[in-house]
2 protein chains.
Amino acid sequence: MTVAEKIRTRFDQFTPAERELANTLIANYPMAALGTIMELAHQAKVSTPTVMRTIKKLGFTGFPAFQTALHDELKQTLSDPIDKHDHWANNVPAEHILNQFVTSITNNLRQSLKQLDPESFDDVVTLLSDKKRSIHIVGGRITHAFADYLQTHLQVIRKDIHMLPASSGLWPHHLLNVREGDVLVIFDVRRYEADLLELAKLANERNVKIVLFTDQWLSPITSYTTHYFSCRIEAPSGWDSGVVTLFLIESLIAAMEEKLWPETSSRLKELEDIFDFTGRFKR
Amino acid sequence: MTVAEKIRTRFDQFTPAERELANTLIANYPMAALGTIMELAHQAKVSTPTVMRTIKKLGFTGFPAFQTALHDELKQTLSDPIDKHDHWANNVPAEHILNQFVTSITNNLRQSLKQLDPESFDDVVTLLSDKKRSIHIVGGRITHAFADYLQTHLQVIRKDIHMLPASSGLWPHHLLNVREGDVLVIFDVRRYEADLLELAKLANERNVKIVLFTDQWLSPITSYTTHYFSCRIEAPSGWDSGVVTLFLIESLIAAMEEKLWPETSSRLKELEDIFDFTGRFKR
DNA sequence: ATAATTATGTCAAATTTATTACAGAAGGCA
DNA sequence: TGCCTTCTGTAATAAATTTGACATAATTAT
């Protein structure tokens, strides 16, 4: 039984001042009761003890209890529809790792998107689509795979995509090829790697634009970047999840594809032809 | 400018504890801040002064002012007829690529999980957790990154993880090391690669257990496998999405971790020690 | 390795808020 | 009208929340 219902059922037992309050409460429910008891009393043009008495008549022990009840109602009302997919996988108990994981992942996605600045996203798309800039990609121990994935896809879209070697000893050498205005895409999640930070510092001094993919705690590299993406990586396991990171990578690629369609389409066609010729791929 | 936006724009100026708080706040916004400052602090697992400082950093004179601002927002939100839960990203039209993508991805996840046989999943976990079997991993042009990712994580969990070389010319040679009863994990999505099919055939003849990650149209390799996962890869772009594939990989890893915890925990500890020793990683 | 700096929590003071007691006001009834 | 009952607000009190000062822990720089 909601607070509003309680009020309605006992309305006839109320005194005039209490009805005044009840009306105010129902009129802009449940906002009126968000603040202090004094604010509510003032809104309804009654005294605080009147509010007190009304609340007790409704069965609450005090104002805090009343407010908590309203808060809980609000939470229910505003809770996201996604949460209703309690478990997604078929015939599997909710405790199964698959369901635990899917809950985590959707939470991560939702939260990451809430924090994401869309303008920043669009800016990065523009930056990476600028054919005058070469793009250099580097990842860490875990994130190496994402750097690889990004490179594979970007190479189809445009030219001048370079992946930094896996061994950090070779980075200074590679940095000679990186010119001012080029873009360096760095993947760095905890535990943050010292070599990557050093690389970012050097690149920043050379006026290289840095785009960073990191986690919700932000790699220290953040301070050298022009744009960064913070991807939530929480997972019900000892490791972190890269799903949100991959999601963002693919979204970026899709956005770039749209932006660069004329060039992309011809490059794609060429690629298809090459595949057909080599016969490595089945139709 | 909403409180959420303020948090997002100043997120990188926050200290770790403040970020913890900011995340909690955004995670269930604006419900988390409905109660007292102490409740909020407890939820975010920080102290009340930390909440205090964060709020002041955001430009509020104190907690009551902060809460009033949130209340005002809530009033606006609840009186606003537009359902803001329709799209996930903030302040972005529903047509933005981010929202299109998130819709696709959640659909892919839902559908893939519906089709997934949980028993098969558990069987694969058992298979990969069997320390008597060596594990060999191979991916194709696009899926190479996933093979890499799987290998990186499995190597932490257990020994005898091998990645097949990128060049398919070396595969027959590598196959000599693969013994009967070993597991070969193959990633193959369209366009399916002829070399991978050949490899699967050979491996099958040698009584190697094959676990396949493929898409909803199923790679021809499926007929040689003991278990396969069909991951929906639909995306609103010219390319396919690997998000579901990554999701399954991580779920597998999490499940294996749980199963092999004794061994995993000691390996993890050793790994941490090595990291600390090399100093390559920041704390 | 050590010092300086920064970050964070504990605790106590200050402020605000909720609650209670009580007195006066309003309305009903002889 | 005058008395009684019920209602309502003022003001004092109790409880709680918020805020600030400070010490300790953690981090960073030297």
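Worth knowing before you read on, the calculation uses all heavy atoms, side chains too, and leaves out hydrogens, waters and symmetry mates.
Applying the ring-ring contact (aromatic ring centres under 6.0 Å, His included) rule to B:His71 yields no partners; only residues at least two apart in sequence or on another chain are considered. Evaluation of the ring-ring contact (aromatic ring centres under 6.0 Å, His included) rule for B:Tyr149 yields A:Phe146, B:His153 as partners, not counting sequence neighbours.
Counting only N and O atoms by type, the side chains of B:Asp148 and B:Thr152 include a donor and acceptor under 3.5 Å apart. With no hydrogens or angles considered, a side-chain donor-acceptor pair links A:Tyr192 and A:Asp215 at under 3.5 Å. A:Glu234 and A:Ser104 form no side-chain donor-acceptor contact under 3.5 Å, judged by distance and modelled atom types alone. A:Thr225 and A:Thr222 form no side-chain donor-acceptor contact under 3.5 Å, judged by distance and modelled atom types alone.
Here the side chain of B:Ser47 is nearest to one of C:dG9, D:dG9, C:dT19, namely C:dG9.
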Please list, pair by pair, any protein nitrogen or oxygen found under 3.5 Å from a nitrogen or oxygen in nucleotides 11-15 of chain C.
none

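Residues from residues 53-62 of chain A lying near DNA chain D, meaning a heavy-atom separation below 4.0 Å, are A:Arg53 in numerical order. For the segment residues 13-26 of chain A, no residue has any heavy atom less than 4.0 angstrom from an atom of DNA chain C.
A cation-pi arrangement, defined by a distance under 6.0 Å to the six-membered ring centre and an angle within 45 degrees of its axis, is present between A:Lys6 and A:Phe60.
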Residues 10-17 of chain B, side-chain donor-acceptor partners within the protein, below 3.5 Å, at least two apart:
unit_1: B:Arg10; atom_1: NH1; unit_2: B:Lys57; atom_2: O; d: 2.8
unit_1: B:Thr15; atom_1: OG1; unit_2: B:Glu18; atom_2: OE1; d: 3.4

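Among all heavy-atom pairs drawn from B:Thr61 and B:Lys56, the shortest one is O-CE, 3.5 Å.
For the pair B:Thr50 (side chain) and B:Val46 (backbone), a donor-acceptor distance under 3.5 Å is absent.
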